[in-house]
Amino acid sequence: MSTQAHTGPEVHADGAAAHHGDHAHGSLRGYLIGFGLSVLLTAIPFWIVMAEPFASKQVAGFAVMGFAAVQIVVHMVYFLHMNTHSDEGWTMMALIFTIIILVIVLSGSLWVMYHLNANMMPPHVMDQMK
């Protein structure tokens with residue numbers, strides 16, 4: 001048995017708690033940076049949709065999807081604490097899996113939105129049903 005008293009986790013200068021055996025803990029600064037980037041990466045696509053700065057809706061759609069992909073990476077780095085150190089679980093297989101899931105989610109979202117738009121009932125038919 002250990003004779004040392006447990007006083008709680010050690011705290012680093014940046015405010016992150018250090019637990020023995022755990023290497024990937026975020027700091028308040030890291031979480032705030034991640035939060036700020038997430039808000040920015042949500043506000044810009046919202047502005048793109050509302051202000052319509054692009055001539056083509058397809059360009060706006062691809063821009064929004066690009067911001068979505070960047071936001072997924074921001075969440076992985078700042079909130080899931082994934083980085084290139086293999087001792088923290090970030091391996092090539094995890095990267096490949098993440099890219100595959102990202103492609104499936106983004107392309108599936110575009111496919112569903114396109115087909116929902118193409119198969120919507122035209123407004124003149126809705127007026128006739130009243």
Side-chain angles (χ1 to χ4, degrees):
M1 233 191 217
S2 175
T3 58
Q4 294 177 341
H6 186 273
T7 60
E10 298 174 27
V11 178
H12 294 286
D14 61 357
H19 298 282
H20 300 288
D22 293 335
H23 299 288
H25 286 284
S27 65
L28 178 62
R29 180 177 179 266
Y31 285 127
L32 289 176
I33 290 171
F35 177 73
L37 287 173
S38 296
V39 168
L40 187 67
L41 292 169
T42 301
I44 292 172
F46 185 78
W47 173 79
I48 288 172
V49 170
M50 297 304 288
E52 299 177 359
F54 298 114
S56 171
K57 289 186 179 185
Q58 286 79 18
V59 172
F62 283 115
V64 169
M65 287 297 177
F67 280 106
V70 172
Q71 190 170 73
I72 288 172
V73 172
V74 166
H75 284 222
M76 287 174 18
V77 171
Y78 286 99
F79 300 120
L80 298 177
H81 310 294
M82 293 182 167
N83 57 28
T84 57
H85 296 84
S86 63
D87 61 340
E88 295 187 18
W90 182 247
T91 62
M92 185 57 70
M93 290 304 291
L95 177 63
I96 292 170
F97 179 74
T98 302
I99 291 171
I100 290 170
I101 295 299
L102 180 66
V103 168
I104 290 171
V105 168
L106 293 179
S107 62
S109 296
L110 285 175
W111 181 76
V112 167
M113 288 186 287
Y114 172 78
H115 284 286
L116 280 175
N117 186 41
N119 295 321
M120 292 291 289
M121 190 176 297
H124 68 278
V125 175
M126 290 292 289
D127 292 337
Q128 292 174 357
M129 293 179 70
K130 291 181 180 180

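Remember, predicted model here, so these are calculated numbers, not experimental data.
- Between I48 and A60 the shortest heavy-atom distance is CG2-CB, 3.9 Å.
- Around CZ of F54, the count of heavy atoms belonging to other residues, nucleotides or ligands within 6.0 Å exceeds 12.
- Proximity of I33 to L37: side-chain heavy atoms (C-beta onward) are separated by under 4.5 Å at one or more points.
- Residues satisfying the side chain to side chain donor-acceptor pair (under 3.5 Å) test with S109, not counting sequence neighbours, are none.
- M76 and L40 sit in two unconnected hydrophobic clusters of ILVMFWY residues. Membership requires side-chain heavy atoms under 4.5 Å apart, directly or through other members.
- Both L102 and L80 belong to a single network of hydrophobic side chains, linked directly or stepwise wherever heavy atoms of I, L, V, M, F, W or Y lie under 4.5 Å apart.
- Hydrophobic cluster membership of F46, counting Ile, Leu, Val, Met, Phe, Trp and Tyr whose side-chain heavy atoms lie under 4.5 Å apart directly or via other members: M50.
- Clustering ILVMFWY residues whenever any of their side-chain heavy atoms sit less than 4.5 angstrom apart, transitively, puts F97 in the very cluster that holds V105.
- The CD1 atom of I101 sits 8.0 Å away from the OG1 atom of T98 when rounded to the nearest 0.5 Å.
- Residues V74 and I44 fall within the same hydrophobic cluster, defined by Ile, Leu, Val, Met, Phe, Trp and Tyr side chains chained together at heavy-atom separations under 4.5 Å.
- For residues 60-80, every residue pair satisfying the ring pair (Phe, Tyr, Trp, His ring centres under 6.0 Å) rule, not counting sequence neighbours, is listed here: H75-F79.
- A continuous path of ILVMFWY side-chain contacts below 4.5 Å connects M65 to I72, so both sit in one hydrophobic cluster.
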